[in-house]
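Written out below as structure tokens is the structure these notes cover.
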Amino acid sequence: MIKNKKILSIILLILLGSFVHAQEQDNEVLQVIKKSYSTKYFSERGSVSEKALEDILLCGIKAPSARNSQLWRFVVLTDSPRTKTLLGKRVGNVSYTPGAVYIIVCGAENEPKGIDVDFDCALAAENMYIAAQSMGFGAHMYTSPVKALNTNLRGEVPLPKGYRAVCLIKIGNTDTDAVSSASPRNALQDVVEYR
Ligand SMILES: Cc1cc2nc3c(=O)[nH]c(=O)nc-3n(C[C@H](O)[C@H](O)[C@H](O)COP(=O)(O)O)c2cc1C
């Protein structure tokens with residue numbers, strides 16, 4: 001009996017040790033986030049498949065939201081003559097690239113008390129941005145087209161009733177490598193304070 005207890009304790013200690021070890025190891029999620037960057041040069045080669053797009057959107061709706069309110073809608077512009085005409089003249093600084101898709105993240109206009117719709121939309125947007133990069137796509141988040149999308153472009157790009165654009169994510173193929181395109185960040189010691 002005592003021998004069995006000893007063996008059990010040793011097994012538990014080994015399991016705990018490997019669990020802690022796993023927590024301290026780099027994993028795929030960490031690597032994707034650390035390597036992520038806003039793609040500046042999208043390639044005209046290839047496209048984003050329907051399946052890939054659906055997976056990206058599923059990651060968007062998986063984002064947490066205040067009181068699980070999910071007051072977001074995603075308007076997708078796939079590659080089409082309409083998208084080409086719309087973005088051919090640029091909206092904000094978003095340009096047209098054949099094969100790329102554009103997700104307009106929209107938030108509810110009537111914000112219930114205690115819920116920050118923009119914050120929730122940003123979480124959904126970030127999930128989709130990281131998901132796309134984890135799949136090998138280039139991705140870039142923009143707010144520069146928001147004003148136009150909410151005003152003079154509403155006729156051309158109808159948004160769901162009661163919703164306004166919060167940001168837009170462009171997803172497509174890219175040839176550039178992450179290192180040469182990454183923007184520098186402030187050092188941890190400059191932005192983190194421990195109390
Ligand atoms: C909320 C938000 C709005 C942004 N809007 C634009 C934009 O309108 N135009 C643009 O070129 N980049 C935009 N960006 C991309 C940022 O400029 C970029 O994330 C930042 O410079 C860091 O660069 P990196 O993502 O390559 O590391 C936006 C990013 C965020 C998070």
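Every number for a ligand or one of its atoms is a count from 1 in the order of the listing. Not measured: the values here are computed from a predicted model.
- Ligand 1 does not have Glu126 within reach: every non-hydrogen atom of the residue lies 4.0 Å or more from it.
- Interatomic distance, Ile33 CD1 to Lys35 NZ, rounded to the nearest 0.5 Å: 13.0 Å.
- Under a 4.0 Å criterion applied to the non-hydrogen atoms of Tyr129, ligand 1 contributes the atoms 25 (O).
- Less than 4.0 angstrom separates some heavy atom of Lys40 from each of these atoms of ligand 1: 26 (O).
- Ranked by closest heavy atom to atom 19 (O) of ligand 1, the top entry among Ser38, Pro184, Cys167 is Ser38.
- In this structure, the protein non-hydrogen atom closest to atom 10 (C) of ligand 1 is His140 NE2, 3.3 Å.
- For Asp118 and Arg164, the salt-bridge test passes: some basic side-chain N is under 4.0 Å from an acidic carboxylate O.
- Atom 22 (C) of ligand 1 lies below 4.0 Å from at least one non-hydrogen atom of the protein.
- Residue Tyr37 places no N or O, backbone or side chain, under 3.5 Å from any N or O of ligand 1.
- The minimum heavy-atom distance between Tyr96 and Gly88, with the atom names listed, is CB-N, 4.0 Å.
- Looking at Asn93 against ligand 1, only its side chain comes within 4.0 Å, counting heavy atoms.
- No side-chain N or O of Lys40 forms a donor-acceptor pair with one of Thr174 less than 3.5 Å apart.
- Below 3.5 Å of separation, one finds an N or O of Met141 facing an N or O of ligand 1.
- Between the side chain of Glu111 and the main chain of Val117, a donor-acceptor pair closer than 3.5 Å is present.
- Residue, atom and distance of the protein heavy atom nearest to atom 1 (C) of ligand 1 are Thr143 CG2, 4.0 Å.
- The pair Asp79-Lys84 does not meet the salt-bridge criterion, since no charged nitrogen lies less than 4.0 angstrom from a carboxylate oxygen.
- For a threshold of 3.5 Å applied to N or O pairs, the pair formed by Ser36 and ligand 1 contains no separation below that value.
- Residues Asn27 and Gln25 have side chains that never bring a donor and an acceptor to within less than 3.5 angstrom of each other.
- With Val76 as the partner, the side-chain contact (heavy atoms from CB on, under 4.5 Å) test is satisfied by one option alone out of Thr83, Ile171, Leu57: Leu57.
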